[in-house]
Amino acid sequence: MRLSYCNETLAQEGMSFPEQCATLASLGYTGIEIAPGSLAENPLEVTVQDAEVLREQASAAGLEIIGFHWLLSALGHLSITDASKQSETVAAITHLIDLNAACGGDVLIHGSPKQREIGVVGATKARRNAVEIFKRVAEHAGAKGATYCVEPLDPSQTVFINTVEEAVEIVDEVGHPNFRAMIDTSSSGVAESVSVAELIKLWAGTGYIGHIHLNDTNRGVPGAGSDPFDEILAAIQTSEWRGHLSVEPFVLSGTATETARLAIKTLREIMEPSGGQCAP
């Protein structure tokens, strides 16, 4: 299993990008996942040339940049549900797809709850607007060799796309091979009617899932709460998942570095009983 780590908590503690990469590599991670807002206050000002430098810096530390997440969170004025903002939102996402490609990333995770609020638009129009945007950006992601994933988020964050089944319905409607759903174990642990392990068994091997985030339902890392990551990792192994697994904390256990250390220690201890793979 290839373990990656989302970078924003490291950036929030003042680490430069090379320092983030060096820290994660020293802990044993193989990849880093970038929140565009961690690169600049306005990530649309980041250039393709800047992104190429980031790729070189990660590579120098022995890491690969696997992709981008929280795509629109630093761009609060944009929306995938408001038709009046469609052109500007598509242009922004297209730029982020280009940056992701220049970084060497092969996946983009669309969470960004504030930029998918339904508000006065209404559920039907909001869904129609989102699908239209997803169709356009999926085409561009495909041209760049990336998979664009819509992330189900729990109801405390948004009312639009809470479960994997709802995300899969959107995937079917978009109908593009480079557009997929993903599983965030924290949100799924809250929003789904089955356990996270059962959810993974149901969906991870179907071709609908393009990425997995590992988080406890307390929004900390594996090991910071009581979620059964032994069962979750065993389900991932059973599904023969071959993609990345990214840890994405929102609540720290000590410093950002200590939090990243706890996560990989917890996951390794679960995997070690069968020679580095998931315990049966």
Side-chain angles (χ1 to χ4, degrees), residues 4-21 23-24 29 31-55 57-58 63-82 85 88-117 130 133-134 137 140-141 144 146 148-151 153 156-158 160-161 182 184 186-187 211 213 215 219-221 244 246-252 255-257 259-260:
S4 301
Y5 200 84
C6 296
N7 79 315
E8 58 265 39
T9 55
L10 299 169
Q12 287 162 6
E13 288 196 353
M15 287 190 193
S16 67
F17 189 73
E19 289 170 336
Q20 296 168 34
C21 294
T23 297
L24 294 178
Y29 290 95
I32 185 169
E33 188 173 318
I34 296 175
S38 72
L39 302 177
E41 184 174 351
N42 179 1
L44 300 183
E45 295 177 355
V46 180
T47 68
V48 167
Q49 291 73 28
D50 295 330
E52 290 170 348
V53 171
L54 295 174
R55 181 177 187 172
Q57 290 171 337
L63 288 187
E64 61 176 316
I65 297 173
I66 68 162
F68 283 12
H69 68 283
W70 284 110
L71 300 181
L72 300 179
S73 291
L75 301 166
H77 62 293
L78 299 182
S79 171
I80 62 168
T81 52
D82 184 344
K85 299 179 180 180
E88 188 179 4
T89 300
V90 168
I93 296 174
T94 297
H95 181 66
L96 295 176
I97 291 171
D98 290 342
L99 296 182
N100 182 69
C103 281
D106 58 13
V107 66
L108 298 104
I109 309 303
H110 193 114
S112 306
K114 296 299 182 182
Q115 290 76 34
R116 68 202 227 191
E117 291 179 343
I133 283 179
F134 285 148
V137 300
H140 192 68
K144 294 293 183 176
Y148 196 99
C149 300
V150 58
E151 181 175 18
L153 296 172
S156 71
Q157 300 181 68
T158 180
F160 183 46
I161 312 176
M182 60 86 65
D184 177 282
S186 178
S187 281
H211 195 51
H213 277 161
N215 318 295
R219 295 175 69 77
V221 297
H244 294 278
S246 288
V247 178
E248 184 195 26
F250 294 92
V251 177
L252 297 181
T255 67
T257 299
T259 303

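As a basis for the values below, the full set of heavy atoms in this structure was taken, side chains included, without hydrogen atoms, waters or symmetry mates.
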Please find the pair of heavy atoms, one from Ala101 and one from Arg55, that lie closest to each other, and give the distance. O-NH1, 4.1 Å

Sorted by chain and number, sequence neighbours left out, side-chain contact (heavy atoms from CB on, under 4.5 Å) with Ser156 holds for Asp154

Could you check if a side-chain atom of His244 sits within less than 4.5 angstrom of a side-chain atom of Glu33, using non-hydrogen atoms only? no

CD of Gln57 to CD1 of Ile32, rounded to nearest 0.5 Å, is 10.5 Å

Do Leu63 and Tyr5 have side chains that get closer than 4.5 Å, going by heavy atoms? no

Taking side-chain contact (heavy atoms from CB on, under 4.5 Å) as the definition, give me every residue that meets it alongside Leu75, ordered by chain and number, with sequence neighbours left out. Asn42, Pro43, Leu44, Leu72, His77, Leu78, Ala92

Can you give me the closest heavy-atom contact between Glu13 and Ala256, atom names plus distance? OE2-N, 2.9 Å

Please say whether more than 12 non-hydrogen atoms of neighbouring residues, nucleotides or ligands are located less than 6.0 Å from CD in Gln49. yes

Roughly how far, to the nearest 0.5 Å, is the CD atom of Glu151 from the CZ atom of Arg116? 7.0 Å

Return the set of residues passing side-chain hydrogen bond (donor to acceptor under 3.5 Å, both in side chains) with Thr81 (not counting sequence neighbours), or none when no residue passes. Ser79

Apply side-chain hydrogen bond (donor to acceptor under 3.5 Å, both in side chains) to Ser38 and list each qualifying residue two or more places apart in sequence or on a separate chain. Asn7

Reported CD1-to-CD1 distance for the pair Ile34 and Ile66, which is rounded to 0.5 angstrom: 10.0 Å

Indicate yes or no: at least one non-hydrogen side-chain atom of His95 is less than 4.5 angstrom from one of Leu99. yes

Could you list the residues that satisfy side-chain contact (heavy atoms from CB on, under 4.5 Å) with Glu8, not counting sequence neighbours? Cys6, Gln12, Ala35, His69, Trp70, Glu248

Find the distance between CG (Leu54) and CD1 (Ile65) and round it off to the nearest 0.5 Å. 5.5 Å

How about Ser186 and Phe250: do any of their side-chain heavy atoms sit closer than 4.5 Å? no

Looking at residues at least two apart in the chain, or sitting in another chain, which of them share a side-chain contact (heavy atoms from CB on, under 4.5 Å) with Thr23? Met15, Leu27, Thr257

Are any of the side-chain heavy atoms of Val53 and Asp50 separated by less than 4.5 Å? no

Sequence neighbours left out, what passes side-chain hydrogen bond (donor to acceptor under 3.5 Å, both in side chains) with Asp82? Give chain and number order. Ser84

If we only count heavy atoms from C-beta on, is the Val137 to Leu108 side-chain gap below 4.5 Å? no

Would you name the heavy atoms of Ile109 and Val107 that are closest together and state the gap between them? CD1-CG2, 3.7 Å

If every non-hydrogen atom of Ala51 is compared with every non-hydrogen atom of Ala102, which pair is closest and at what distance? CB-CB, 3.6 Å

Under 3.5 Å, is there a donor-acceptor pair between the side chain of Tyr29 and the main chain of Ala260? yes

What pairs of residues pass the side-chain hydrogen bond (donor to acceptor under 3.5 Å, both in side chains) test when at least one of them lies in residues 96-110, not counting sequence neighbours? Asp98-His140, His110-Tyr148

Pairwise distance CG(Leu153) to CD1(Ile161) - rounded to 0.5 angstrom: 8.5 Å

Could you list all the salt bridge (charged side-chain N to carboxylate O under 4.0 Å, His left out) pairs where at least one residue sits in residues 65-79, not counting sequence neighbours? none

At what distance, to the nearest 0.5 angstrom, does CD1 of Ile80 lie from CD1 of Ile93? 7.0 Å

Write down the atom of Gln157, the atom of Ser187, and the distance for their closest heavy-atom approach. NE2-OG, 3.3 Å

Tell me every residue that passes side-chain hydrogen bond (donor to acceptor under 3.5 Å, both in side chains) with Thr94, counting only those two or more places apart in sequence or in another chain. none

